[in-house]
Amino acid sequence: MRQLYIGGSWTASASGEPIEVVNPATEEIIDRVPAGSPDDVETAVRAARQAFPAWSETAAAERGKILGEAAELLRQRSDEIAKTIATDMGSPLGFALKVQALMPATVLSSYAQLAESHPRESRVGNSLVVKEPIGVVAAITPWNYPLHQIVCKVGPALAAGCTVVLKPSEIAPLAAYALAEIFHEVGLPPGAFNLVSGRGPVVGEAMAAHPEVDMVSFTGSTAAGRRVASLAAESVKRVALELGGKSANIILPDADLATAVKVGVANCFVNAGQTCSAWTRMIVHRDQYDAAVRLAVEATGKYTVGDPFDESTRIGPLVSAVQRDRVIRYINRGQEEGARLVAGGTDRPHERGYYVEPTVFAGVEPGMAIEQEEIFGPVLSMIPYTSEDMAVQIANGTRYGLAGAVWAGTEEHAVAVARRLRTGQVAINGGKFNPRAPFGGYKQSGVGRELGEHGLEEYLEIKSLQL
Ligand code: NAD
């Protein structure tokens, strides 16, 4: 069994209990990590608290240098990390390398730079306004982009001068261990970063409730985020939440339909649909609807489902049996509600492994469960509209607001519609993901922003000195 990383050393968990890590493609146990306990959280928070004064006062250039070295080691170990994530989470290897392993290296190196370049002081009249690290940060992360989501918190927190206790997802925890090894190797001071693996209701809740934690940054489901926020409220700590989504892809009549549908399908199915910002609702004008459905079905036929290590695979298994069963339930529910299954369905593509067919529903109406709820699998809902106002209303008609897309004949037209969307990110005519642009949710998709300067600001307190 692996160990916890606390105060700069690898230590056994007080619980002595393991959590088994399963390869979702083979259903075999591949590793064991400690099921951390509240006592482990206590030890880790104490270590982070002790390390805070020195790390927060370390020169920004020095903090940046250490983070830059860590980013470089992440890059050097990217092949191995990609294999780890392909194995414990099921991402196809090519995607695992490019996105799951290398994007965190890019994000960490951007925070290495921002540690020094982000301005910490400004003047307002007779006041000097200074920004200071908030203190001890509890970071709780999910399994779908297991390393990226960790780095989106740990990178800015350490760059700001905070110290961190991390609880990675118990379902895909292995990349977090590589990061801890890297921080150790580059000489991050003991206690600045601590890793306590374990279950949400035990370790996560102890972290969120701990009075010596100044801020909790959570990524995961809206239900667990709500619980974390309510526990954190007892000690009035800052809370950042990155939660679920049901993002809309609006295709306007003057757009290039074939491209918009093709890219839209790809975005919905990326990482087997286990992407919080996936465009899971394709909103198409009634006049183009049948053509769009045909194009979507055709595109879906090209998505080979299989072993993450096979080069032809575009969709790997879902992360767990629980996740697979949940997605299957939604596919059944969509049919019961009267939506038309035009691709995929509930058949198992392979006997072993938690695989699901990429699935497309036509005839989806606003208000259906498959239109409102986050499925977190490769399931696309296609919804017709008859006016631009109606398209915007459908797009804004869920409790979520994380991402989305607008396709139009001109950038101006797409931007005008995007401005009306109550959501944190919008891709204009397929605009590429930008790892330095703020990412986060409106409504129940979350509170706060990650990435870039906005992500760093989350970890800073503000003090005014009247001169
Ligand atoms: P989850 O909420 O089950 O778990 C996320 C993390 O929270 C895990 O580490 C888990 O152990 C912990 N946790 C669970 N219950 C907890 C509790 N009561 N107290 C404290 N911690 C608890 O989510 P998941 O299944 O791992 O991930 C999928 C969800 O994450 C989806 O809803 C997805 O949309 C969301 N997500 C959001 C973003 C974003 O940036 N907005 C990114 C990725 C995933």
Side-chain angles (χ1 to χ4, degrees), residues 19 24 33 35-36 38 41 88-89 91 99-100 103 107 138-153 165-173 175-176 195-210 213 216-232 239-247 270-280 318-327 330 373-377 398-404 423-425 433 435 437-451 455 458:
I19 294 175
V33 300
V41 172
D88 77 354
M89 192 270 146
S91 277
V99 177
Q100 299 276 24
M103 190 161 69
V107 171
I140 304 173
T141 55
W143 44 262
N144 56 334
Y145 290 85
L147 185 58
H148 171 68
Q149 282 140 350
I150 289 170
V151 167
C152 283
K153 300 183 187 315
V165 179
L166 166 71
K167 191 203 87 62
S169 165
E170 61 275 43
I171 297 170
L195 166 64
V196 181
S197 54
R199 297 200 165 82
V202 180
V203 174
E205 294 202 7
M207 284 162 62
H210 201 294
V213 168
V216 54
S217 178
F218 172 89
T219 299
S221 59
T222 297
R226 197 176 288 126
R227 175 81 182 133
V228 163
S230 72
L231 288 168
V239 177
L241 301 172
E242 294 288 340
L243 307 176
K246 190 73 187 174
S247 297
V270 77
N271 210 28
Q274 302 166 119
T275 301
C276 50
S277 54
W279 311 335
T280 49
L318 297 190
V319 76
S320 63
V322 170
Q323 193 62 22
R324 189 231 3 241
D325 295 348
R326 179 186 140 101
V327 172
Y330 272 112
E373 295 173 24
E374 185 178 52
I375 300 174
F376 231 53
T398 75
R399 65 188 171 122
Y400 295 116
L402 187 57
T423 192
Q425 284 224 338
F433 181 74
F439 180 94
Y442 282 38
K443 303 192 276 183
Q444 291 189 29
S445 285
V447 177
R449 292 294 178 268
E450 292 197 320
L451 296 173
E458 296 281 329

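Throughout, numbering of the chain's residues begins at 1 and tracks the sequence. Below, each value reflects all heavy atoms present in this structure, side chains not excepted, and no hydrogens, waters or symmetry copies. One-based numbering, in listed order, for ligands and for the atoms of each.
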Taking Asn271's backbone N and O only, do any of them form a donor-acceptor pair with Gln274's side chain (distance below 3.5 Å, no angle check)? yes
Hey, is the main chain of Asn144 close enough, under 3.5 Å, to the side chain of Gln100 for a donor-acceptor pair? yes
Donor-acceptor check, side chain of Thr141 to backbone of Thr219, threshold 3.5 angstrom: yes or no? no
Less than 4.0 Å from some atom of ligand 1, heavy atoms are found in residues Ile140, Thr141, Pro142, Trp143, Asn144, Gln149, Lys167, Pro168, Ser169, Glu170, Gly200, Gly204, Glu205, Phe218, Thr219, Gly220, Ser221, Ala224, Arg227, Val228, Glu242, Leu243, Gly244, Cys276, Glu374, Phe376, Leu402, Phe439
Between Arg449 and Glu458, is a salt bridge (charged side-chain N to carboxylate O under 4.0 Å, His left out) present by the stated rule, with each step listed? CA-CA 7 Å; Arg449 292 294 178 268; Glu458 296 281 329; over 6 Å; no
Is Lys153 reaching over with its side chain to a backbone N or O of Ile140, donor-acceptor style, under 3.5 angstrom? no
Backbone N/O of Thr398 and side chain of Lys443: donor-acceptor pair under 3.5 Å: yes
